[in-house]
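What follows is a single structure, and I will ask about it in a moment.
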Amino acid sequence: MKRADVDVFEKLTVQLDGLYQELSILAKKTPNDAINGFKLSFINDILAQCNSLFGEKYRPFAGFETFSAEELPSNSDATFILSQYIECAEKFRADHIQNEGIQGWSWQIDDKGPRISTSRPKKLSPKD
Amino acid sequence: MALVRPRLTDYYGISQAQAELDFAIPFLDEDVPLYVDPFLLWKSPSQQDQALHTSLVNSFNRQNWLLQKGREDEAAQNLVLASECDEVGLGLSRTRKGKRIGAGTAQDILALFRHIPEYGRFGFTHFEEIQLYVDGISKDRISDFTCNFLKSFLIDFTIDQCQALGIPVSTVRLASLYDYRSYSFQHNLEVTLPVYPERGTPIIFVPKRWLRHVPWLNFDDYFASYCPKDEVVHRQGSDERVSVLAYNRDNYGVVEAYVQAKERVAEDCKTDPLFKQIPVLSARRKLNEIRGLSTGIGDSADKKYEKAASELLASLLYPHLDFADVQSRTAGGTTIRDLVFYNNRSVDFLQEILDDYRSRQLVMELKNVRSIEREHINQLNRYLTNEFGAFGVLVTRHPLPRAMFRNTIELWAGQRRCIIALTDADLELMVGVYESKQRSPIEVLKRSYIEFRRACPS
């Protein structure tokens, strides 16, 4: 994994979380309402970047790439997909980090430079 | 078969929707059911409209000047000439040929200048007040007087619009045209205007910001809210229209108070739209009504469904599709109701519908049945000819059964005919986006079309 990919990953996960939270609020109010074209274009942009970074292995669904604006995806459709991407992002992270004992967890970086700390995988409890 | 309720723009293949244009698109076979209200010009913030109102009132008051100069016949003749304006195509006429006022009515109008000193000395500020004095003068006459006195401006406006849109114009002869410089009617003038395709008679466009169903100052409003009826009965013996008019002639102050009251609330005077969408709340109510209806004809469910679905779709699809009419036809002993929309090509896929299926108008057949059958599809398919092209929509309760969907795909494969369905679920989504404004309801129709095309063999 390259140092630049970590930057991209961290930005994308923050954006995925933000989108998920925003759309969850809308989905609770009107789950079947269609998402407008403005929001959808940015959601698709984030998803496309995730697809590019994750590759086939970590993409949530082989048959899904981005939303089609013409199919009028609903708020609940979007939260469903975003939650899957958030889960897969965590799987991606868990597979690309290492435990360095007392120094804690850090990314496995191919190129040289200072280590990049990260948190432990979410599936591990604090005792692990 | 020709276009249903054809409009001038559709005839010439111009794609703009009514909402995008500044003028009321004239129908070829009937009038636009609205009238020019001079009060809208008076209250307009635009200096141009205010100046036009001033010239309009000046032109009308000029008849008083002629009267004072002893040229009564000329004044009466001017009023007669100004009393009908067929070229604008406003009103309720289907024949589009109106009648002018008679010499007697013209004399009654002129008599106002003589008998009511305020008008004789200062003239009218709102000449539509004549409705309150003269029998036989109502909203259509006020509109016609306005259009005739402003006809020169309206001709320029029409030519501008025609050039902008590419509507063909011809050289035609106008029987009369008011000349503001000489305050008189010129006769048999040659002008350049669009014409009605079959009759060759000229058309003049009217800015839609000037149109209302009834003028702001009108007799019914005056009678209902301002007329001192007890006083009228006391003086005239009854409160019938003619008695009220006679009373008004002797009591200018009452009319003056009415006009002043209406001027005070001029902000409430708004243009009437050519098409009014139902409110969001009503759309949800109509949808719930549809969802609560059983399929079939029991308890007149089919009629109720047709009524609610018509109102709902006409509103939901506006302004992308202008609603043309509800058509009824009989096939196999049953009455079928269709909604017909003008294909404005305001959305990309509508252009495709025109290019691929030659649909200048879109037809939607309403079917309140449990399940669409082969015969239903055939009925719509047989109807898809000429102006409707090869594209039709079945508005029905449930998705097409798999076999019927395959049937529509085969129709496309064999005859390049496209029949898609809009179901209760689609209507619900349309109402949802109509409420939330997140997307446009027309996109639901587009989605159905794209899903259909994806299922078609490539």
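Lettering of chains follows the sequences in order, A, B, ..., and the numbering in each one begins at 1.
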Inset, instruction - Mark yes when over 12 heavy atoms from residues, nucleotides or ligands other than B:K270 sit less than 6.0 Å from its NZ; otherwise mark no. - result: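 Correct, the count exceeds 12.
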Legend entry - Distance-minimising heavy-atom pair for B:Q438 and A:A34: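 The pair with the smallest heavy-atom distance is CB-O, 3.2 Å.
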Inset, instruction - Answer yes or no: does atom CD of A:E22 have more than 12 heavy-atom neighbours from other residues, nucleotides or ligands under 6.0 Å? - result: no
Inset, instruction - Might you point out which heavy atoms bring A:D33 and B:V433 nearest each other, and give the distance in Å? - result: OD1-CG1, 3.7 Å
Legend entry - Portion of A:I35 that has a non-hydrogen atom of chain B nearer than 4.5 angstrom: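 A:I35 touches chain B through backbone heavy atoms alone.
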Inset, instruction - Return the option, out of B:E443, B:E451, B:E428, with the maximum number of heavy-atom pairs under 4.5 Å with chain A. - result: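 Going by pairs under 4.5 Å, I would pick B:E443.
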Legend entry - B:R370, CZ atom: more than 12 neighbouring heavy atoms under 6.0 Å: no
Inset, instruction - Could you grab the distance from atom NZ of B:K437 to atom CG of A:N36, nearest 0.5 Å is fine? - result: 13.0 Å
Legend entry - Residues in residues 51-74 of chain A that sit under 4.5 Å from chain B, counting heavy atoms only: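 Near chain B, by residue number: A:S68, A:A69, A:E70, A:E71, A:L72.
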Inset, instruction - Kindly check if the number of other-residue, nucleotide or ligand heavy atoms within 6.0 Å of NZ (B:K307) is above 12? - result: no
